[in-house]
Every structure is written in C-alpha cells, then in structure tokens.
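The model shown is predicted, which means the values in this text are computed figures rather than measured ones. For the single chain, residues carry numbers from 1 onward in sequence order. Remember, it's 1-based here, ligands and their atoms both numbered in the order they're listed.
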Amino acid sequence: MPEVNIFEEANRQLIICNACRYCEGYCPVFRAIEIRRDFSQGDVFYLSNLCHDCRACYYACMFTPPHEFAINIPKILAEARIETYQRWSWPGFLARAFKKRGITVGLAFVAAAIVIGLSLLLIPESSLFTIHLAPGAFYEVVPYVAMVIGGLILFFYALAVWMRGGARFWSETRSALREPGGFKALISSLTAALGLRYLQGGGPGCFYPDERPSSVRRIYHSLTSWGLLSDFVATTLAFIYQDFFHRLPPYPLMSAPVIFGTVGGVALIVGTSGLIWFKLRSDREPESSRAVGMDYVFLVTLGLTALTGMLTLIFRTTAAMGSMLILHLALIAALFITAPYGKFVHFVYRSLALLRYEVEQRQPQKHVGH
Ligand code: SF4
Ligand code: SF4
C-alpha cells in the first residue's frame, strides 16, 4: 500500500475510533486519540509506534470487516509503523529492507559469510580445531583486537542510524501541545518500556495468537528484552574483568559474567522461540504480512545468536570451541548489521513514543487540532 493511502486509511479509522471510544481503556493509543480532533501524518506515525499490537481493540470492535467501516486498527498501525521504520532509516537503499525481507536476509548472510570466510582463511587449522584451556583461550582462535574492532564498528554504525531515526521521530511527531517534558515523564516512560506496562490489552493480557487473552506473549517478550539486557551486562562485566582487573576469559561458571551470560542466553532462547511459535499460530487478519517477515528474521537471528553463545560456553573445554565461537561471532555480525533495518528499531521508536505519551499526558492543554 503506498504511503499516502496508509496515512489516509489510518486517519479514516482513527476518526471513527475517536467518535466511538469504546476501546479507550485498552491502551495509550486511545487515550492519545482522545486529545486530538484530527490526525496529522506525524500523529499517525506517533500512534503507530505507540501501539503494542495487543489486538484487544480488534477483537472488541463491532466495526471490523465485513462491516462497511472496515476497522482494523492493529493492522493499519502496523502498516504505518513499517512506513516510519523505512522513512527514518538510512541509507535509503538499505532502508528498503523493511519492506523487502530479501535485503535483510541478504545482509545477514553476507555479514555472517564474511566472518566465517575470513576465519577459515586467516585462522590456522591447528588453532581452530584444538582444545584451548589457558586464560585468553578465545583469543587463541580469534585475536582480541579483531573481535573488538569488528564489534565496535558494527555497534556504532547501528547506534548512529538509530539516533538519526530517533531524532527524526521526535521532530516529525511533534504535536501542537506544549512540551515541557520533565523527569517524571522520562522515568514513567522508561518503566513502561522496561516493564512492558502496556502489553496487557487493558488488563487480561494480549489477545495473541487468537481472541483469547493471556499473559504469555508478555512473558516471552519480557524474556527476550531482559535476556538481551542480561547479556549486555555480561559483556560489560567481562570487559571490566579483563581490562581493569587483568583477568582473561574464559571465566569460571560461577563468575558474574558467566552467570549473567547464561541467564540472558537461556532467556533469549526461550523468549524468541516462544514469540516465533506464537507468530506461526497467529490470527492473520489483524496483522501486516510485511511486519511478520521482519519479525521472523529478527527473532531467528537473535535466537540463533543466543544458542551459539550457549554452545560456545558448553563446548569451551573441547576442540569444538573454535567452531562454535566463529559461528557465534558470525551471527553477532548478522544481528548487528541488520539491527538498523529490522525489528530492533521498534525499541527505539516505541520508547520515544512512550516518552511523548507521558509528556502529552502531563500537558495542561487537553485538545489538539491541526
Ligand atoms: S476499534 Fe472499533 S470499537 Fe474500538 S474504538 Fe475503534 S471503532 Fe470503536
Ligand atoms: S492493538 Fe492493542 S495497543 Fe494497539 S491500538 Fe489496539 S488496543 Fe491499543
């Protein structure tokens, strides 16, 4: 659907919702709708990133197809979200990945193939398939400098694209409301994002994968988010151990980096598998087919990255450690290169949408017209 049609269609549906207001208790989207009389393109982009796709409004609505109003809020907001992802990403030819799954898959394969190819070319067989037990064992296979430089380049590239997109989100979704912001709004939006406060469909849980509400999607989503955070903590601790205390990996099983890494790895494997399983069984009516493809690429890459990380830990005292490590690094490269062009971006825009929502809710002026 071309961008202008998505915007116009979302606008049409939101105006009907604003007259109906049956779903106002379900989520922040409907409370944000209430303080608007009409919807600019920026409003639609903001609301689309505020929607958590819980589908409560779809199953509650008496105007869904075949009714002539043809209301399907989760689907149209998902379509609008994809538009925002592409619109705010960079460079343009890679941003098309949000609509063409082949580009994302191709990017992931190229990144992984480069890592595996270079490893096979540069690492001697005697080192790759040998048991390494001494401190610095991983660096006997892949030099520390190569890991750090490769990781930092990919990380800062993704960060730069996210920050550019975040800045565009903030400027393009600005409403006519005054925006004093404030510390309370920031804290409230952060706790909402980290605690997945609105992934509850108004109370009983997401209506996912079908019309029966349950908390299971929130649990899988929490495992995925907190698993990522736990692995980030593990990597930071390993950096501190190594560069401040001069203790080289591998670390004992009961050390902080390994505990955080293991908890995060298991959480990610369970969380991503659960979300994939839910998506496979999901009701197709309230979903956007383009969003589903992007979700699968992200979840599979993230899940495999966690799995190979765990396998590297399990096999670290065997001759298979080198192969597992290379596979893990290849998947990390695939994850980071696709991070600015896949589902990862929703973390950036949803957090900002929640911040805008919290700011809006603290405004003295309660209605916005354009
Ligand atoms: S989704 Fe349907 S029931 Fe809910 S507010 Fe909109 S029109 Fe009303
Ligand atoms: S799908 Fe859920 S989060 Fe999205 S608008 Fe409907 S009720 Fe709100």
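Asp243 and Tyr144 get closest at one heavy-atom pair: OD2-OH, 3.1 Å.
Using cut-offs of 30° and 60° for the angle between ring planes, the Phe169 and Tyr349 rings count as parallel.
With respect to the salt-bridge test (charged N to carboxylate O, under 4.0 angstrom), the residues Lys99 and Glu83 qualify. Between Arg284 and Glu287 there is a salt bridge, since at least one side-chain N of the basic residue sits less than 4.0 Å from a carboxylate O of the acidic one.
Atom 4 (Fe) of ligand 2 has Cys51 among its coordinating residues (N/O/S atom, backbone or side chain, under 2.8 Å).
A donor-acceptor contact shorter than 3.5 Å is absent between the side chain of Arg247 and the backbone of Gln242. Under the 3.5 Å distance criterion, the side-chain polar atoms of Arg356 are left unmatched by any main-chain donor or acceptor of Ser351.
Close contacts of ligand 2 with Arg55, meaning ligand atoms under 4.0 Å from a residue heavy atom, involve 1 (S), 2 (Fe). Annotation for ligand 2: atoms under 4.0 Å from non-hydrogen atoms of His52 are 3 (S), 4 (Fe).
The ring-ring contact (aromatic ring centres under 6.0 Å, His included) contacts involving residues 277-325 comprise Tyr220-Phe278, Phe298-Phe344, where partners must be two or more places apart or lie in separate chains.
Every heavy atom of Phe207 sits 4.0 Å or more from the atoms of ligand 2.
With sequence neighbours left out, Phe109 forms a ring pair (Phe, Tyr, Trp, His ring centres under 6.0 Å) with no residue at all. Every side chain to side chain contact (heavy atoms under 4.5 Å, CB included) that Ile337 has, sequence neighbours left out, goes to Leu107, Ala111, Leu154.
The nearest non-hydrogen atom to atom 8 (Fe) of ligand 2, considering only Cys54, Pro28, Cys27, comes from Cys27.
Counting heavy atoms under 4.0 Å from ligand 2, residue Tyr58 does not touch it at all.
Within the protein, the N, O or S atoms sitting under 2.8 Å from atom 2 (Fe) of ligand 1 are Cys61 SG.
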